[in-house]
Amino acid sequence: GHALFTGAVGLGFAYVRLGRGAGKVIAPILGLLAGMARHALWNGTLIIGQSGLALLAVIALHWLVVIGMFIFVGFVLASERKAMLVELNEEVAWGMVSADEVRRTCSVGTRLGTSLGAWFTGGAGSLRAKERFYRNLSALALCKHNQRRLAADRNAAEEIQTLRARIPTTRALAGLG
């Protein structure tokens, strides 16, 4: 219950960070109102509607919200993947990373499979090394994306250079270079 109510507010703020247009202004308010409405519906049904039908309606609504949140997260992941692929093109062109490494970094399923493979073949150290490499590339893509879209962070160029400088080391430790 409460995690979903809070999650609705979080989705509003996520839209502010990732969305575009005028919806960014009202998204947190709509998220808060959605969370409050869900909470009121949940509490009201438990107080007023003691019938099985009312409880069934609340449970159905609850699961519709859960499914909706998963759909939203899917859209966010797809949006992030697209942005990461675009932002890391430069590093691929320069030969710092391969297109396959970028593809693995940008795909949740492939990244999870690669990480589990590292765990089973090389243990915890291998897993940490792979994840450090993936996190570094992800942070680089996000930093470049934010610098391009927001252009407000004066330290972004320095951070981008720092993250790029880490690529050879993290890549070698992950057994990729």
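In this chain, numbering begins with 1 at the start of the sequence shown. Computed from a predicted model, the values in this text were never measured in an experiment.
- Placement of Phe75 and Leu77 in two distinct hydrophobic clusters is found when ILVMFWY residues are connected by side-chain heavy-atom separations under 4.5 Å, directly or transitively.
- A chain of hydrophobic side-chain contacts below 4.5 Å, direct or via other Ile, Leu, Val, Met, Phe, Trp or Tyr residues, connects Ile160 to Leu88.
- No chain of hydrophobic side-chain contacts below 4.5 Å, direct or via other Ile, Leu, Val, Met, Phe, Trp or Tyr residues, connects Phe72 to Ile67.
- Across Arg81 and Cys106, no two heavy atoms sit closer than the pair CG-O, 3.3 Å.
- Criterion: ILVMFWY side-chain heavy atoms under 4.5 Å apart, direct or through other members. Under it, Ile71 and Leu64 are not part of a common hydrophobic cluster.
- Leu140 is connected to Leu85 through a chain of hydrophobic side-chain contacts under 4.5 Å among Ile, Leu, Val, Met, Phe, Trp and Tyr, so both are in one cluster.
- At least one side-chain heavy atom of Cys143 sits less than 4.5 Å from a side-chain heavy atom of Leu163.
- Shortest non-hydrogen contact noted between Ala174 and Lys130 is O-NZ, 3.0 Å.
- Each side chain to side chain donor-acceptor pair (under 3.5 Å) pair with one or both residues in residues 110-120, not counting sequence neighbours, appears once here: Arg104-Thr114, Ser107-Thr110, Arg111-Glu131, Arg111-Ser138, Ser115-Glu131.
- To the nearest 0.5 Å, the span separating OG1 on Thr170 from CG on Leu176 amounts to 8.5 Å.
- Residues satisfying the side chain to side chain contact (heavy atoms under 4.5 Å, CB included) criterion with Val97, sequence neighbours excluded, are Glu91, Val92, Glu101, Val102, Phe133, Leu137, Ile167.
- Side chains of Lys82 and Glu87 form no contact here, defined as non-hydrogen atoms less than 4.5 Å apart.
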Begin with the C-alpha distance, continue with both residues' side-chain angles, and end with the deciding distance and a verdict on side chain to side chain contact (heavy atoms under 4.5 Å, CB included) for Arg171 and Asn136. CA-CA 10 Å; Arg171 190 170 185 243; Asn136 188 67; over 6 Å; no

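- Judged as a salt bridge (charged side-chain N to carboxylate O under 4.0 Å, His left out), not a single pair has a partner in residues 52-65 (not counting sequence neighbours).
- Taking Glu90 as the reference, Trp94, Lys144, Arg164 meet the side chain to side chain contact (heavy atoms under 4.5 Å, CB included) condition, with sequence neighbours excluded.
- Partners of Arg132 by salt bridge (charged side-chain N to carboxylate O under 4.0 Å, His left out), not counting sequence neighbours: none found.
- Residues passing the side chain to side chain contact (heavy atoms under 4.5 Å, CB included) test with Leu142, sequence neighbours excluded: Asn146.
- Distance check: Leu11 CG to Leu32 CG gives 12.5 Å after rounding to the nearest 0.5 Å.
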